[in-house]
Amino acid sequence: MLNILLKGGDVLCADGQIRQTDIAVSGSVITQLGRIDEPAEQIIDCRDKLIIPGFVNTHTHAAMTLFRSYADDMMLMDWLQKKIWPAEENLTAEDIYWGTQLAIAEMLKTGTTCFADMYFFMPEVARAVAESGIRAVLARGMAGIAPTANQALAESENFYNEWHNAANGRITVMLGPHAPYTCPPDFIKKVTALATKLGAQIHIHLSETAGEVADCQKQYGKSPIALMNELGIFDHGALAAHCVHLSPEDIAIMKEKQVRVAHNPGSNMKLASGVAPVPDLLAAGICVSLGTDGAASNNNSDMLEELRLAALLHKVHRLDPLAIPAKTAVDMATVQGAAALGLDTITGKLVTSYKADITIFDRQEPHWHPRHDSLSLLTYAASSRDVHTVIVDGNILLDNRRLTTIDEERLLAETDRRGMRLVNK
């Protein structure tokens with residue numbers, strides 16, 4: 001017997017077309033698409049609903065939900081040095097667990113089934129992921145200029161050995177050197193040596209601000225992209241967050257080395273970092289996905305909002321209404337997100353044998369009518385409040401807008417208390 005049967009929904013198929021079809025889930029995978037009349041343990045009536053692959057959020061600092069609204073409307077380095085880094089000194093492992101659960105709850109309720117995270121106390125992040133049922137790619141953030149630099153390397157190795165492919169394969173682990181301005185070349189060499197030893201890929205912030213790029217040029221005579229290429233970061237499979245300030249030479253390197261980009265339009269706009277050259281990256285054949293960044297600089301974990309911002313921002317920036325069409329934006333949030341995390345053989349598409357990572361939108365509200373183009377409606381009209389059901393690894397984690405694995409009332413009380421303590425110390 002099937003575990004779950006999604007009956008009669010409009011499905012975003014792997015070819016980009018939307019068709020009314022049924023989806024059968026057995027265990028953790030999609031086993032059939034088409035007209036299905038077999039019995040199932042649970043049948044979900046999906047008439048008047050849109051079924052898509054779950055959103056993939058490729059760059060977060062999940063536990064920074066605890067700093068949401070704490071330090072807004074500041075320059076990036078002032079924000080980090082005067083507010084965020086001092087507050088982060090107060091974080092405990094339990095704070096990280098609860099802050100991560102808050103982010104996971106928000107992501108599930110807004111249709112995200114997988115996220116990439118870089119932060120501290122990563123075993124607690126992994127515990128939150130394992131308990132909640134979501135899929136995640138986790139990296140222990142490392143700063144080579146910090147007194148804990150070597151400790152961070154050791155913790156990264158231990159974390160990889162303990163958690164890579166854990167939780168029924170829902171958790172994979174990368175290495176997370178923070179950025180060139182916090183990780184000098186000698187430390188980056190240690191990271192690449194560890195990546196070689198473990199066979200691990202790398203998640204790093206690159207070329208986020210003009211000042212970062214100018215400082216790197218002044219100090220090393222080359223851009224952050226060229227420097228990381230010279231130091232071997234891109235030889236291990238790299239996920240590069242932001243990539244706002246790029247030269248044509250940078251883009252050529254990224255194409256050659258198959259660097260995958262996590263584009264964070266909301267965070268880049270809020271911190272006034274600039275506008276990433278996403279149309280140029282896509283034209284070069286580079287994988288571009290979407291991320292929310294941390295909730296301290298966005299200030300939410302809503303991937304539908306990022307999808308819409310990506311579609312709109314590049315239009316107005318290029319004065320070109322064709323810059324990022326709706327279909328491209330949806331691809332960036334789903335199939336390209338899976339590819340960016342190295343998960344494109346298991347998630348990001350609704351096809352047989354892929355993991356059942358599925359988001360279902362209820363289309364009863366007025367903004368879903370008339371239905372000339374469902375992908376256009378999803379991109380430009382839908383609300384994250386329309387997310388009805390979320391399935392990850394074949395398990396229903398959001399059932400008719402209700403979280404099934406997280407006690408939301410307790411979660412909100414814990415995170416309110418912990419968030420205030422962190423900034424009032």
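- The closest donor-acceptor contact from the side chain of Ser289 to the backbone of Val261 lies under 3.5 Å.
- Without hydrogens or angle criteria, Asn300 side chain to Asp302 main chain gives a donor-acceptor distance under 3.5 Å.
- Checked against a 6.0 Å centroid threshold, the rings of His203 and His178 do not count as neighbours.
- Among all heavy-atom pairs drawn from Pro53 and Thr334, the shortest one is O-CG2, 3.6 Å.
- Nearest heavy-atom pair across Ser223 and Asp250 is OG-OD1, 2.6 Å.
- Using the six-membered ring where Trp is involved, Trp163 and Phe159 have ring planes that are tilted, between 30° and 60° apart.
- No side-chain heavy atom of Leu239 sits under 4.5 Å from any side-chain heavy atom of Ile202.
- A salt bridge does not link Lys270 with Asp73: none of the charged nitrogens is closer than 4.0 Å to a carboxylate oxygen.
- The two residues Ile204 and Pro177 come nearest to each other via the heavy atoms CG1-O, 3.2 Å.
- Between Ser376 and the choices Leu378, Asp373, Thr379, the side-chain contact (heavy atoms from CB on, under 4.5 Å) rule is met once, by Asp373.
- Using the six-membered ring where Trp is involved, His205 and His242 have ring planes that are parallel, under 30° apart on the 30 and 60° scheme.
- A distance-only check finds no donor-acceptor pair linking the side chain of Asp357 to the backbone of Thr113 [under 3.5 Å].
- Using modelled atom types, no side-chain atom of His388 and backbone atom of Ile360 make a donor-acceptor pair closer than 3.5 Å.
- Nearest heavy atoms, Leu290 versus Ala310: CD2-CB, 3.8 Å.
- Here Asp48 pairs with Arg371 under the side-chain hydrogen bond (donor to acceptor under 3.5 Å, both in side chains) rule; sequence neighbours left out.
- Not counting sequence neighbours, the partners of Glu408 by the side-chain hydrogen bond (donor to acceptor under 3.5 Å, both in side chains) test are Lys109.
- Atom CE of Met75 has 12 or fewer neighbouring heavy atoms from other residues, nucleotides or ligands inside a 6.0 Å radius.
- In this structure, Arg127 forms a cation-pi arrangement with Tyr97, its terminal cationic atom sitting closer than 6.0 Å to the ring centre and no more than 45° off the ring axis.
- Listed by first and then second residue, the salt bridge (charged side-chain N to carboxylate O under 4.0 Å, His left out) pairs that reach into residues 187-205 are Glu157-Lys197, sequence neighbours excluded.
- Closest approach of Asp399 to Gln42, counting heavy atoms only: OD2-NE2, 4.4 Å.
- Contacts of Thr292 classified as side-chain hydrogen bond (donor to acceptor under 3.5 Å, both in side chains), with partners at least two apart in sequence or in another chain: Asn57.
- Put simply, the side chain of Asn168 never gets that close to the backbone of Arg170: no donor and acceptor are under 3.5 Å apart.
- A donor-acceptor contact shorter than 3.5 Å is absent between the side chain of Thr112 and the backbone of Leu108.
- Ion pairing between Glu249 and Lys222 fails under the 4.0 Å rule for side-chain N and carboxylate O.
- Side chains of Phe115 and Ile104 form a contact here, defined as non-hydrogen atoms less than 4.5 Å apart.
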Next item on the list: Please test Arg135 against Asp393 for salt bridge (charged side-chain N to carboxylate O under 4.0 Å, His left out), starting from the C-alpha separation and ending with a verdict.
Entry: CA-CA 8 Å; Arg135 191 178 306 282; Asp393 213 45; 3.1 Å; yes
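- Contact check for Asp320 versus Lys315: no side-chain heavy atoms found under the 4.5 Å cut-off.
- Distance alone, capped at 3.5 Å, is enough to place a donor-acceptor pair between the Glu212 side chain and the Glu208 backbone.
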Show me the donor-acceptor pairs within less than 3.5 Å that the side chains of residues 79-93 make with the rest of the protein, sequence neighbours left out.
residue: Trp79; atom: NE1; partner: Ala71; partner atom: O; Å: 2.9
residue: Glu88; atom: OE2; partner: Tyr119; partner atom: OH; Å: 2.6
residue: Asn90; atom: ND2; partner: Leu422; partner atom: O; Å: 2.9
residue: Thr92; atom: OG1; partner: Asp95; partner atom: N; Å: 3.1
residue: Thr92; atom: OG1; partner: Asp95; partner atom: OD2; Å: 3.0

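- For the pair Asn229 (side chain) and Ala226 (backbone), a donor-acceptor distance under 3.5 Å is absent.
- Proximity of Glu365 to Ser383: side-chain heavy atoms (C-beta onward) are nowhere separated by under 4.5 Å.
- Side-chain atoms of Ser267 do not come within 3.5 Å of backbone N or O of Asn264 as any donor-acceptor pair.
- Checked by atom type and distance alone, the side chain of Thr347 never pairs as donor or acceptor with a backbone atom of Lys355 at under 3.5 Å.
- The side-chain hydrogen bond (donor to acceptor under 3.5 Å, both in side chains) check on His367 picks up Asp386, with sequence neighbours excluded.
- In terms of heavy-atom proximity, Gly99 sits nearest to Leu66 at CA-CG, 3.8 Å.
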